Structure formats: C-alpha cells, structure tokens
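Quick caveat, the model's predicted, so the values are computed rather than measured.
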Amino acid sequence: MEKKRLITVEDLTAFTFAGEPALSPDGKQAVYVVTQTDLQQNGYTSTLYYADEKTIPGPLTYAYSKGRCEKHHSPVFSHDGKTVYFLSNRNGSDQVWRIRLNGGEAESVTDFGSDVIDFALSPDEKLLVCQCMIKDKTEYDNEDITVITRLRYLQNGKGFVQGTSALYLYTIATKQKKCITNPLQDAELPAFSPDGTQLYFCMGKQNPQETDYLFDVYRHDLNHSETTCIYQAKGSIYDMKISPDGRTVALAATEDGECTPENITILLVPANGGSIRNLTAHDPLSLGNFIGTDVRFDDGANMIAWAANGESLTYLVQDGPISGLKSVTLNGTSKSVFMMEKHVMTSFTMAHDQIAAVLSTPSSPGDLYFLGNGDTMRQISDHNQALFSQLDISEPIPFTYKGAEDWQIDGWLLLPPESAQTEEEIPVVLEIHGGPASAYGDTFNHEFQCLAAEGYAVVYTNPRGSRGYGAAFCAGCYGDWGRRDKQDILNGLDYALDHFPRLDRNRQFVTGGSYGGFMTNTIIGTTERFRAAVTQRSICNLYNFYGTSDIGYYFLTRYFNGADLWTEEELLMRFSPIRNANKVSTPTCIIHSEQDHRCPIEQAEQWYVALKRLGVETRFVRIKGENHELSRSGHPKNRLVRLHEIMDWFNRHLTKD
C-alpha cells in the first residue's frame, strides 16, 4: 500500500467543493454546484453537475471563459423536470441561463443591466421574478465623490451601499421587464404560489432608520397588480416556502428583533394574512446550521421544505456539533428525519418527499447524498476521494468538560498524525471561533489539519454564546464578552492538558478570528501562559467598533443589553482588550484584511501601534483586496499566505530563543 503523506497548506487549492443541490419535481434527478480553485486566475470557478441514483455525477455545464473565473450557481428545475435554470456570469454579469437535460448548450434568458441576485420561476415557466439592484442617482459626475445619506451605508464584501434591491417581473418570451416593488425599499426572497397567480416576497421599510430594518412579508396578485402586506415581522426572516395548496406561507424566522440569541423557528402565516402560529416553539434547538469551516462553498439557502401533501415541513437544525433534518406536522409533532453522529449537513432540497443533501464529516469537505428514512443515506459524489486517499490526516477526539458555573461544554482535540509526531511532548494551539453565535463541529477543517501535520495538537471548543445548544446557551455571553466565555475556553484547554499527558504545558499558542480575534486579544491581555498568538480580523476597541463596523452599533447594542456610546462609554471600554494592552507580553502576529468592513482594519492598527509602542514583539500582516471572509472565500493566493503566516509565527516561537 502506498505510504500516505501529510497534508499541506497548498492542498487547499486541490479541494473540490459540492453545494446548492436541486431536485427535479419527481425527486429522481439532482443538479448541484461544484466549485474548484483556479490558481492561475487567483479565484474560483463553479459549474453544475448532474446526478441520479443510477449514474456517476458528471458536468452539466462547463466554464468556457478565459481570463476570468466563470461561475454557475443557484440551479432550479423547470416544472416538467426537463430544463435547469441557473445563474451564470458567463457574459460578464450574473444573469439567468437555462440548459436542457437531454443535451445542447446553455442559453442566456435574461438581459438585465446589473447582476441578477436571485430569481424565481413561475409554474407555467413563462415568467421569472428577478432580484436586481437599482442604483442611487449620483449627485456628481465625479467618481471621486461619494455622498452618503444611509445610516447603514457599508456592507462587508460589497463596500458602500449605493442602491436598493428590487424585484422585476420578467416575461421570458418577450424579455419585458416590470419592477413590482417599491424602488426605495429593499426586496428579496421571491416565491410563486403553486397556481402562479400570486407572488410572495419580503420587503424592508422605505426609511428603516426611522422605524426598523426588519423585512415584512408581502403578497402580489399578478392578475390585478395589487400588493398587500400579510405579515409585519418582529425579527429576521431567513427562508420562505409556500404550501402545496397555496394557503399558507411558512417562514424560517425569529420574533425577537436583530442579533437575537433566540432560536430560529417555523412561523406559519395565512396566505391572505391573519394570526401567525409558531410551529416549532417547543423545539429546544434553532433552525439552521452554524458550524463553521474553511472548506465550504455552500450557501445552504434552504432551511425549510413542505411535504408533498402539505401536512408537514422538513427543516434543517443543528444539535451541538452535528446538523441534520427534523420534520414537524401542522399540529406541532416533530421527529428526527436525519441526524447522524459526526455528520454536518450544509444544505438540502426536497421534492416529491425525496431528499438530496450535502454532508460533510471530520474527514470530508462535503459530498452529495440521497437520504432515505431512518438515517439511511446513499453517497452520490466523492469528489475528493483521490486526494484524501493520499493524505495522512487525524480524526478529532471529542470531549466534554465543565466551563464557568459548571456549564457543560463541547470540545475537541486534534492530535498530529503519527508520522508528524517527532517529539515526545506535543505543542498545543488553542483555536477560538468567531460569531460568537457560530460553532465548531464534526466537519473537516483544513487549517486545523495543517497545524496537526506541522506537529501541533489543536484544541477547539464551543463556549457559551455558540449556536446549536439552545437560546439560553447562545445568550450566555450577552453583556459579558471576555469573562465567563473566556473561562469556558480556557477550561477546555486545561481539560485537554490534564487528560492528555503528552501535551506540552510550556508551549501553548492561541489564535482566533473576528470574535475569536477579540477573545485572543482579551486572553493575552489577562494571562502570560501562551508562547505566541495570532489574532485575525480582530476587535480591540468596542467603542470604536460601534461607528466603524458595518454592523457595529446595532450588533453591540444588542450584545451589551442596550449600551450605547453616550450612555455606557466606560462599560464598553472596560470590556475592550485595548485597556489591557500594557499587560501584554505575548509575541503577537496580527492578520487583517484591508477591505474588512465587519471588523475594520483600524482595529488592527490600534492594536499594532499599542503593542509596538509597549515593546511587544509584533508582526502586522495587511492583506489588500480582501474582506472579513478571507479565511473562507478569499483569493486563493492570499489564503495560502494567511495559513503560512500562522504556522511560521508559531514555529519561530517553539523555542524561547
């Protein structure tokens, strides 16, 4: 048998990523998106693959463009199951295309002057509803001048918000376009009724800074061109599906404003408006999957799906380190559909009561599966088999321990593969996730495996504030960043050190990004136990974060129980790591993207200047052209640099000399 090799940083560019499955109406055929790295173009290409239960998956579309990365995504089957509609940038901007399953080339359907963000196909396949941006009128014919009047004027990954998202009714045969939403109000999530006479969508307020930024649900009668609000939202809406009989709108939503720790639930709204019903109010877990990784290109847009008879809904749910599917009848009785140990479901689709899903494991970035009853599954794709058959990777060891106040916490230890264990004592890296309302889980993580291949043990945990453990656990860090959550994290590291004697207590390292970067900064300002630290896309000054982040003021106001700049300045600064900069002695590498609008680079600049002035060994790595998503979807060459910087920094501090 051929000897396996250790995984490398460069293997990141060899992964193939599966996502966004769609099923034909009879549930027998699937189309999904396959994404691969194009290192020459320093980006990613994506194409559509076709699969059924009898054939090996193969390409349905091909990326023909040269000189740029072509992307095909968001597939939708026609109602006769013979054609697939999808979004493609083949001609320069995202437009709706279609391709027949029996052969032939894809053809362009829409011709909007801007990107189509999302679309819905009418049951008779004569109409599309397309979501596009309407740009604001400019006051100057001078590109150097930007006039800002919105309160929320920044968006990570996009820059200045200079328009609204509108819905257009598009007649396929004539290419006629008609805007059917208020161009001053953002609109999204279009969905046709089964008979094609009604269109449902979500729309925000015309002056949201004076009211709220929540999206209400509207019904547009296509026969009479009348629009009616049927539900005034009390929280965020993540998904919307219309019942097979057209009488009920199901929402995956919250009822507790923005940035809430409360669970995402299923709300049932009568199609003509009226009293709503919370169908999963008694489920202790939230809808959705919040388990993070650095090897995923899968939006997982679907959270809910109606059964063909309209008597129940299937929904995606996370249970601690795993995620899968449950179903609930209209009388509120729920049961597990698919929830398997060491499997994380990132997306699913359902048609004719058949289910296709993308599942990842601790040793796989994810593949397409067809699911049956009672946790039965059939793997359809195996895109990374050839690569992973060569790699000597480790399986994470799960453990549970007591955090602050004896809360039960999940943790994992990833040991180096035996071929990488060159020393009797193993240095340890503590990894801290962002959010804080995200989670680690039973999925593959390239960064962790690279650290293990370099000879490090990796410890990672889900402290209070993480998703997947109920609303009370998620709310556990509200008003208390860097205190009991920090104790949860460090208790996990101590547990690993106490129970795995080979871990080296004298060589401990720490890193994290976003909220994990905030926690890294907090930890090195309150303890000297770590040999070196890498803080990524971090926060050091909560007061400044309020006005410079794209989510700053409303995100932190909620997390700190209504605290604002002019009422709680001292409180915000007391929780800010910058207050303890003079107590830091840990050599620190700062990695930050220059176009990060979520945790702006001014946070890294403050932290760097403070530590450098105080004589701390500090390295500042600034990355152009990247935003907050560098580690997950940044340009491949920049992602490789980031990983090398982390490992090089730890390696140079393995010995005190």
Scan side-chain atoms only and decide if S466 and H433 contain a donor-acceptor pair under the 3.5 Å cut-off.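 A pair is found: one side chain offers a donor N or O, the other an acceptor, under 3.5 Å apart.
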
Centroid-centroid under 6.0 Å between [X] and [Y] rings:
| X | Y | answer |
| --- | --- | --- |
| Y546 | Y553 | no |
| F560 | F555 | no |
| H383 | Y32 | yes |
| F444 | F388 | yes |
| Y495 | F399 | yes |

Nearest 0.5 Å, please: how far is CG in N272 from CD1 in I230? 8.0 Å

When rounded to the nearest 0.5 angstrom, what is the spacing between OG1 in T254 and CG in L214?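 The distance works out to 8.0 Å.
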
Distance under 6.0 Å and angle within 45° of ring axis: R537 vs F518: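 No, R537 does not sit over the ring of F518.
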
Using 4.0 Å as the upper bound for N to carboxylate O, is an ion pair formed by [Y] and [X]?
| X | Y | answer |
| --- | --- | --- |
| K205 | D212 | yes |
| D239 | K241 | yes |
| K326 | D319 | no |
| D550 | R152 | no |

Pairs flagged by salt bridge (Lys or Arg N to Asp or Glu O under 4.0 Å) wherever residues 395-411 is involved - sequence neighbours left out: K342-E395, E405-R464, E405-R484

